[in-house]
Protein chains: 2
Amino acid sequence: MLTGVFAALADPTRRAILTRLKDGDATVAELAAPFSMSQPAVSKHLKVLEQAGLISRSQRATARLSHLEAEPLREAIGWLMDYRAYWAESFDRLDDLLDDLKEQP
Amino acid sequence: MLTGVFAALADPTRRAILTRLKDGDATVAELAAPFSMSQPAVSKHLKVLEQAGLISRSQRATARLSHLEAEPLREAIGWLMDYRAYWAESFDRLDDLLDDLKEQP
DNA sequence: CGCATCCTTAACCATATGGTTCTGAAACCA
DNA sequence: TGGTTTCAGAACCATATGGTTAAGGATGCG
């Protein structure tokens, strides 16, 4: 599943879509608007994101809303965190980062 | 550059290579050993990892050592952390996670 | 020098990926 | 009913990806 998540994140369009979805659910047309790309292309990206578990989609009702599901991102971070001891950054600064994360929820 | 990092991480073989490199530098033959895969295939994976900045390679001397460079992983975490407010996990548990990270360096 | 070792490069192949256009289904509107 | 809107699916195409085998360059050793 990590494979699917990282593969989904490897595409800039898909990362932009996820970023957009932080502002709230959106229709396919809304998600497609910023890109010089056909609507079916965006639909394909949404399918990839859905299969990676990164979005869910509400039943169509003339429009079809995409909703951010960030849980797989937590799993990805879990994997990445195992490498924190190998970052060049000092542990003092790592502590600062972690403090920051706790302070600005 | 995030694109390259996530693309590199999308392959299970490459993730396993990175994991192996946490135990120390290794030759191509050592890295190839665990996989039922030709050695040139592993060389290709190493090239991908190198281009993503995830490994560096010492000058050959009959052997060629790969060395883990975890800095890009920190950048990847930086991107992912922007989604922490959308995790299903409660913030209390997030705090626990962050505490754990600070305690077991 | 001659040869073995370690690894890269080249050529090739099958499949995956990211895009297109065209078609069509499902729900609303008049 | 019929048209419009919103989106997905199919067919297609070019290129990228992940693997193979075969060949060759660089280093160390007898």
Side-chain angles (χ1 to χ4, degrees), chain A residues 1-21 23-69 72 76, chain B residues 1-21 23-69 72 76:
Chain A
M1 39 250 67
L2 269 186
T3 295
V5 172
F6 283 133
L9 296 178
D11 186 277
T13 301
R14 288 193 289 262
R15 288 200 302 280
I17 288 173
L18 291 179
T19 299
R20 162 63 184 81
L21 288 177
D23 292 337
D25 298 355
T27 66
V28 175
E30 285 166 352
L31 293 173
F35 305 104
S36 56
M37 187 184 306
S38 67
Q39 169 265 314
V42 173
S43 278
K44 280 195 187 181
H45 283 303
L46 293 176
K47 194 185 215 175
V48 172
L49 289 170
E50 187 176 27
Q51 287 174 344
L54 287 165
I55 65 170
S56 58
R57 308 171 86 176
S58 62
Q59 303 303 330
R60 59 159 54 246
T62 205
R64 196 169 180 192
L65 290 180
S66 292
H67 176 79
L68 178 62
E69 299 287 347
Chain B
M1 44 247 64
L2 269 186
T3 295
V5 173
F6 283 133
L9 296 179
D11 186 279
T13 301
R14 288 193 290 263
R15 288 200 304 277
I17 288 173
L18 291 179
T19 299
R20 162 63 184 79
L21 289 176
D23 292 337
D25 298 355
T27 66
V28 175
E30 287 166 351
L31 293 173
F35 305 104
S36 56
M37 188 184 304
S38 68
Q39 174 265 320
V42 172
S43 276
K44 279 197 188 180
H45 283 304
L46 292 176
K47 194 185 220 176
V48 172
L49 289 170
E50 186 176 27
Q51 288 175 344
L54 288 165
I55 66 171
S56 59
R57 307 170 86 177
S58 63
Q59 303 303 329
R60 59 158 55 245
T62 204
R64 197 169 179 193
L65 290 179
S66 293
H67 176 79
L68 178 63
E69 298 288 348

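In the text below, chain A, chain B and the rest are named by the order of the sequence lines, each starting its count at 1.
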Item to check | Pairs flagged by salt bridge (charged side-chain N to carboxylate O under 4.0 Å, His left out) wherever residues 35-53 of chain A is involved - sequence neighbours left out | outcome: Glu50(A)-Arg57(A)
Can you tell me how far [atom2] of [N] sits from [atom1] of [X], to the nearest Å?
{"X": "Arg64(B)", "N": "dT5(C)", "atom1": "CZ", "atom2": "C1'", "answer": "16 Å"}
{"X": "Leu49(B)", "N": "dC7(C)", "atom1": "CG", "atom2": "C1'", "answer": "16 Å"}
{"X": "Leu46(B)", "N": "dC6(C)", "atom1": "CG", "atom2": "P", "answer": "16 Å"}

Where do [X] and [Y] come nearest, in terms of heavy atoms and distance?
{"X": "Arg20(B)", "Y": "Asp25(B)", "result": "NH2-O, 4.0 Å"}
{"X": "Ala26(B)", "Y": "Glu30(B)", "result": "CA-OE1, 3.2 Å"}
{"X": "Val5(A)", "Y": "Pro72(A)", "result": "CG2-CB, 3.7 Å"}
{"X": "Ala52(B)", "Y": "Gly4(B)", "result": "CB-O, 3.7 Å"}
{"X": "Ala10(B)", "Y": "Pro12(B)", "result": "O-CD, 3.8 Å"}
{"X": "Arg14(B)", "Y": "Ala8(B)", "result": "NE-O, 2.8 Å"}

Item to check | Pair Leu65(A)-Thr27(A), side-chain contact (heavy atoms from CB on, under 4.5 Å): steps then yes or no | outcome: CA-CA 5 Å; Leu65(A) 290 180; Thr27(A) 66; 3.7 Å; yes
Item to check | Derivation of the side-chain contact (heavy atoms from CB on, under 4.5 Å) call for Ile55(A) and Leu18(A) | outcome: CA-CA 8 Å; Ile55(A) 65 170; Leu18(A) 291 179; 4.0 Å; yes
Checklist entry - For Leu2(A), what residues pass the side chain to side chain contact (heavy atoms under 4.5 Å, CB included) criterion, not counting sequence neighbours? => result Phe6(A), Ala76(A), Trp79(A), Arg15(B)
Working to the nearest 0.5 Å, report the span between [atom1] of [X] and [atom2] of [Y].
{"X": "Ile17(A)", "Y": "His45(A)", "atom1": "CD1", "atom2": "NE2", "value": "6.5 Å"}
{"X": "Leu46(B)", "Y": "Leu54(B)", "atom1": "CG", "atom2": "CG", "value": "11.5 Å"}
{"X": "Leu31(A)", "Y": "Leu49(A)", "atom1": "CG", "atom2": "CG", "value": "9.5 Å"}

What does [X] touch in the nucleic acid at a heavy-atom separation under 4.0 angstrom: a base, only the sugar-phosphate, or nothing?
{"X": "Ala29(B)", "result": "sugar-phosphate"}
{"X": "Lys47(B)", "result": "sugar-phosphate"}
{"X": "Ala41(B)", "result": "base"}

Item to check | chain B contact limits on DNA chain D, taken 5' to 3' with a cut-off of 4.0 angstrom to heavy atoms | outcome: dG18(D) to dG28(D)
Next on the checklist: Give the residues of residues 1-14 of chain B touching DNA chain D, defined as any heavy atom closer than 4.0 Å, sorted by residue number.
Outcome noted: Asp11(B), Arg14(B)
Checklist entry - Among residues 30-39 of chain A, which contact DNA chain C at a heavy-atom distance under 4.0 Å? => result Met37(A), Ser38(A)
Item to check | Annotated protein contacts, base or backbone, on nucleotides 23-30 of chain C with a non-hydrogen cut-off under 4.0 Å, one of B, S, - each | outcome: ---SSS--
